[in-house]
2 protein chains.
Amino acid sequence: MATIDDVARTAGVSKSTVSSVFSQKRPISKEVTERVLAAARQLDYKPNYWARSLANKTTRIIGLNMPGERVKFSLFHLSLLNGVLSECSSSGYRLLVNSLSRTYLDEVPHLAKEPVDGDILLDPVEGDVRIADRIRQKLPLVVIGRPSGEFESKVSYVDNDNVENGRQVTEYLLGLGHRRILFLNASAGKTVSADRGLGYRRALEQAGVPFDPQLLVHKDPNQTSSDFGYAVSKKAIAKHPDITAIITDTDKMAVGVYKAAAEAGIAIPGDLSVIAFSDETVFAAELHPPLTGVKLFGEELGREAAKLLIDQCVSGNRSVKRALIATEMVERGSCAAAPVRAATDH
Amino acid sequence: MATIDDVARTAGVSKSTVSSVFSQKRPISKEVTERVLAAARQLDYKPNYWARSLANKTTRIIGLNMPGERVKFSLFHLSLLNGVLSECSSSGYRLLVNSLSRTYLDEVPHLAKEPVDGDILLDPVEGDVRIADRIRQKLPLVVIGRPSGEFESKVSYVDNDNVENGRQVTEYLLGLGHRRILFLNASAGKTVSADRGLGYRRALEQAGVPFDPQLLVHKDPNQTSSDFGYAVSKKAIAKHPDITAIITDTDKMAVGVYKAAAEAGIAIPGDLSVIAFSDETVFAAELHPPLTGVKLFGEELGREAAKLLIDQCVSGNRSVKRALIATEMVERGSCAAAPVRAATDH
DNA sequence: TCCGTTTATAAAACCGGTTTAATCTATTCG
DNA sequence: CGAATAGATTAAACCGGTTTTATAAACGGA
C-alpha cells in the first residue's frame, strides 16, 4: 500500500507536509492541503496506524484483561463490555481484548509491552500478579472490582459496594425470619466473593445468628453457574433440610437452584427463598417465580471504568480514583417469610 | 522505559544481537543470550509492540467489527465473542473490538489503516460498505453471516443456513396445523433476516398457505428485543386473532411475546405456539412453558470465523472459504398443535 | 527601502524495533 | 600452509510515520 512518501512525491511536497495535513497539528495552506488529499485519494493512501503509534507513543487503544486462561465471558461480563465499549466509542478509543495466558506472554519470542495506552482488569483475585505488572510498567490501570490487599489504595478501581450488598441481602432474608441461609458465593480467591462473604457474616453476627461454614460455598470455576447452583443446592437441601433461603452469585446459578428445588418438591418462595446478585432483568422477571435480586449495573461499572482509564491516558494524571456504583435490590417474588417449621428447627 | 539500545549497551553487544535474542529468528550463542537476557531483566526491558509491528508488518491482532454506531452486544454476540476469543487465545492472537463509527473514522485526523492483520465483520447488511472497504485495502476478512449480493462469492464467511432454518421452523409449525404464523424477524437490511424470511415464505408457499405481509415484521433497531416482542405481538394478537403461532428472532423477543400473551389471557402453547431462534439454553429451559427454539451454536460460529481468518493471516492464502454451522431444533414445550377454532378461521 | 516578523514548506533526525549485507573468527580441507 | 567455508556478530539501512530545526517567502512597520 501507498506510504507517506508516495503521497509526498505525487503531490509534489515534502513528507512532513503530508504528515501535517493528516495529523492537523500544523497549519497547511488550503491549496496544498487539497493537493495532498487529492494525491492520497488517488493512491488510496491511509496513514499507518503502527508507525503513528510508534512516533506518537500513544495508540488510542485500551486493553480489557481477563483473569486466567480461556475464561469465558459471562452475562455480567457482557454488561461490563457494553459499558466499556459505549464509553470507548464516544471517546474515540478502541478496545483490545487480551485473552492470552500469562505463560504464553512470558515466552521470550512473545514478550512485549502491551500495545495499549492503559488496561482495564477484570475479576481481580487475591495477590493478583497482573496489577503489580502494570504498576511496574507504569501502565495506566483501572480495575473492575476491588484489588486485593496493598493494591486497594494504589490503583484506581470501580466496584459495587459488595460488603454492603452481602450484608443487605442477608439482612433482608434475616428480616423475613430466615436463620439458615445458604450462600452460593463466587469462586474463592476473587475479592468480590471475599467482600460479599464478609457482608454475609457481618449481618449474621449482628443478628446473633451463628455462622456455619458449611453454608458458605464457593463456586467451582470448572462448572457452569447453573450446574453449580443445581448440584450444590441439591446436595445442601438434602443434607441441611433446615435451610430456608439461598443467596446465589448470579441469576444463572439461581436457575440451577430453581431446578433442584423443583426436583425436590420444594416450593419457592413458600419453602425456600432465593435471591441473586444479578444483572439480567429480562429473564429474571420471567422465571417462576420471578427472581428477586440485586441489580449490579454492570454497564455502568464498565462505562465508569473506561471513563476513569481514558481520563488517565489523556490527562496523564495518575492520581488514584475510586468509583462505587450504586446497586438496587429488586423484589420480584422469589423471597418470602421463612416457613414456621424451619424457624424452630435450630 | 528501556529500549533495545539500552539493553545492547548494558550487555555490551549490538542492537541487532539483542533483536535476535528476542525474536529468536537468528541463532545467538548461549553465552551471549544469557548476557542479553540478564541485561534485559535488570533494565526491565520488554520489546516495543508497535515498533515490532511496524518492522514486521504484522500485529497478531485481529479485529472484530460491529456494524453501526453504538450497537450493543447481544446474548448471541456474547456467544460469538466467546468462540472468537477461544480460538484467538489458542492461536496467540489478540482481539481488537472496534466500535467506532464510520463518520469518526473518516475524519481526516483519525483516518488510518486498521491496526489489525485481519477483520471479522458481524451482522452484514445489504450493500455493506465495510466489506468493499476491506477488499480495497486487501485486508483479510471473514464475515459472520452471509454477505449480501456480489460479495457472497468474494469473501469468506461463516453462517448458519438461515434460509433452511426459516423454512424448518415454519414447516414445523405448519405441520402442527398452524396457518397464520407471525414472524418477528431481525432488523430489515440484515442478510440474516432476508434469509430467514425467504425460508418462511418458501415453506408457506410449498404448503399452499398464502403469504400475508402483515405477518412478517422486522425488528425496530431502536427497541430492545423484549420490548419489541411484547409491543408487536400484543398489537398483532389484538388485530389478528387468528394468529396461532409466532416465530421470534431471539429468546429475549420470545419473552416479550410470553408477556403479551399472559396479559391477553392467551395460553402458550394451548392457544399460541412460540418458537425462537436462540442461543440461550439455561434461561430458555426455565421459562413457562420452556421455550422451543433453534440452537444456533454461536460459539462455534465465532470459533470457526476466527480460525478461518487467522489461517488467512498466517498462510497468506486468500482463497474464499465458507463454513455453514449446523443448527439444532430443540423442542421444549412452547409449541403445540394449532387450536381447532383458529384453523377454520381463515 | 530595509529589517524584523510571521507563515508555509522542507530537510533531517527520531521513534524502537527488524533485516540485509558486511566483518570477523574459527574450522575444514586440499 | 593457505584458501574456502561456516558461524556468530555487527554496522547500516529500513519500516512509515512525527517533530525539531532550518529555510524561503510574504508581510508590516519605521
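Throughout, a chain's letter reflects where its sequence line sits, starting with A, and its residues are numbered from 1. Note that this is a predicted model, so its numbers are computed, not measured.
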- Nearest nucleotide by nearest heavy atom, which residue falls closer to the 5' end of DNA chain D, Leu54(A) or Glu31(B)? Glu31(B)
- Ring centres of Phe22(B) and Tyr45(B) under 6.0 Å apart? yes
- Query: OP1 or OP2 of dC14(D) sitting under 4.0 Å from any side-chain N/O of Lys57(B)?
  - Reply: no
- Message: Does this structure show an ion pair linking Arg136(B) with Asp133(B), if we count only N-O contacts that are shorter than 4.0 Å?
- Response: yes
- Which part of the nucleic acid, if any, lies within contact of Thr17(B), taking any heavy atom under 4.0 Å across all strands shown: a base, the sugar-phosphate backbone alone, or nothing? base
- Glu107(B) CD: over 12 foreign heavy atoms closer than 6.0 Å: yes
- Just by protein heavy atoms under 4.0 Å, how would nucleotides 17-23 of chain D read 5' to 3' in B, S and -? BBBB---
- Query: Going by distance alone, is a donor N or O of one side chain under 3.5 Å from an acceptor N or O of the other, for Arg303(A) and Ser86(A)?
  - Reply: yes
- Message: Regarding Gln312(B) and Asn317(B), do their side chains bring together a donor and an acceptor under 3.5 Å, going by distance alone?
- Response: no
- Would Glu34(B) and Lys30(B) pass as an ion pair if we require N to O under 4.0 Å? no
- Item | Length of the line joining Lys30(B):NZ and dA8(D):P, which is rounded to integer Å | 14 Å
